[in-house]
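Remember, it's a predicted structure, so these values are computed and weren't measured experimentally.
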Amino acid sequence: MSDSKQQVLAFIDAWNLLDYDAIYAAMTDDIFYHNIPMEPCVGIDAVRAFFEGSGMGSDGADWIVHHIVAEGDTVLTERTDKFRINGQWIAIRVMGTFEMRDGKIAKWRDYFDLAEFQNQLAAAMGGSAA
């Protein structure tokens, strides 16, 4: 198994443990993170602010990797990302692209259905989607 693939799997394991120190340590300081179709974040401080300011309040995570392929420093994943919010699990289908540099994630793009996410998040937060 390639080093890049192993590094992405370790990153996913860190998410499953909600180990934010390991999550941030897996990224370069100048990371480009884009949750498509949302606005991208550039730099570790912006990524930190995004996760800390998301308001999700997740107290559990279970990212399930269905497929993972690595070629050189690029890793592609097909996943289901699950988060527990207010005791309720939400599940988002995701295609992710990771570009590695010097053993860390330098670019990370996730493609998902924003409406699916918003509807599930609203239900978990006790409201309805806008």
Q: Less than 4.0 angstrom from a charged side-chain N to a carboxylate O is my criterion; do R79 and D81 meet it?
A: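 So R79 pairs with D81 through a salt bridge.
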
Q: For F112, does the six-membered ring have the charged nitrogen or CZ of R93 within the cation-pi criterion, i.e. under 6.0 angstrom from the centroid and within 45° of the normal?
A: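 No; the conditions do not both hold, so R93 does not lie above the ring face of F112.
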
Q: Compute whether any side-chain donor of one residue and acceptor of the other, for T80 and H66, lie under 3.5 angstrom apart.
A: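 Result is yes, a qualifying pair exists.
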
Q: Checking R101 now: which residues fulfil salt bridge (Lys or Arg N to Asp or Glu O under 4.0 Å) with it, not counting sequence neighbours?
A: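 Residues passing salt bridge (Lys or Arg N to Asp or Glu O under 4.0 Å) with R101: D30.
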
Q: Give me the atom names and distance for the closest heavy-atom approach of V65 to I68.
A: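 Shortest heavy-atom contact: CG1-CB, 3.9 Å.
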
Q: Taking C-beta and beyond as the side chain, do Y20 and E52 meet within less than 4.5 Å on heavy atoms?
A: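 Answer no - side chains too far apart.
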
Q: Side-chain polar contacts of residues 8-16 - donor-acceptor pairs under 3.5 angstrom, sequence neighbours left out - could you list them?
A:
unit_1 : atom_1 : unit_2 : atom_2 : d
N16    : OD1    : W63    : N      : 2.5
N16    : ND2    : W63    : O      : 3.4

Q: Find out whether Y111 and N35 are in side-chain contact, i.e. whether some heavy atom of one side chain is under 4.5 Å from a heavy atom of the other.
A: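 Heavy-atom side-chain distance check fails, nothing below 4.5 Å.
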
Q: Given I31 and K107, is the side-chain contact (heavy atoms from CB on, under 4.5 Å) satisfied, shown in steps?
A: CA-CA 6 Å; I31 183 165; K107 294 182 181 177; over 6 Å; no

Q: Centroid-to-centroid, F51 to Y33, below 6.0 Å?
A: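 Yes, close enough.
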
Q: Give me the atom names and distance for the closest heavy-atom approach of G60 to L18.
A: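 That closest heavy-atom pairing would be N-CD1, 3.5 Å.
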
Q: So, Q120 side chain and A91 main chain: donor-acceptor pair closer than 3.5 Å or not?
A: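 Checked: pair present.
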
Q: Mind listing the closest non-hydrogen atom pair of V75 and A70 along with its distance?
A: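 Where V75 meets A70 most closely, the heavy atoms are CG2-CB, 4.0 Å.
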
Q: Can you name the closest pair of heavy atoms from L114 and P37 and give their distance?
A: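 What the structure gives for the nearest pair is CB-CG, 3.7 Å.
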
Q: So does E99 pair up with R109, basic N to acidic O under 4.0 Å?
A: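 Answer for the salt bridge query: yes.
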
Q: For the residue pair R48 and Y24, establish whether any side-chain heavy-atom pair is separated by less than 4.5 Å.
A: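 Yes, side chains in contact.
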
Q: Can you tell me how far the CE atom of M100 sits from the OG1 atom of T28, to the nearest 0.5 Å?
A: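 Interatomic distance, M100 CE to T28 OG1, rounded to 0.5 Å: 9.0 Å.
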
Q: Could you tell me if the side chain of D59 sits less than 4.5 Å from the side chain of I85, heavy atoms only?
A: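 They are not in contact (no side-chain heavy atoms under 4.5 Å apart), so the answer is no.
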
Q: Is there a side-chain contact between F117 and I90 (heavy atoms, below 4.5 Å)?
A: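 Yes, at least one pair of side-chain atoms sits under 4.5 Å.
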
Q: Mind checking the CE-CD1 spacing from M27 to I105? Nearest 0.5 Å is all I need.
A: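 Taking CE in M27 and CD1 in I105, the distance rounds to 6.5 Å.
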
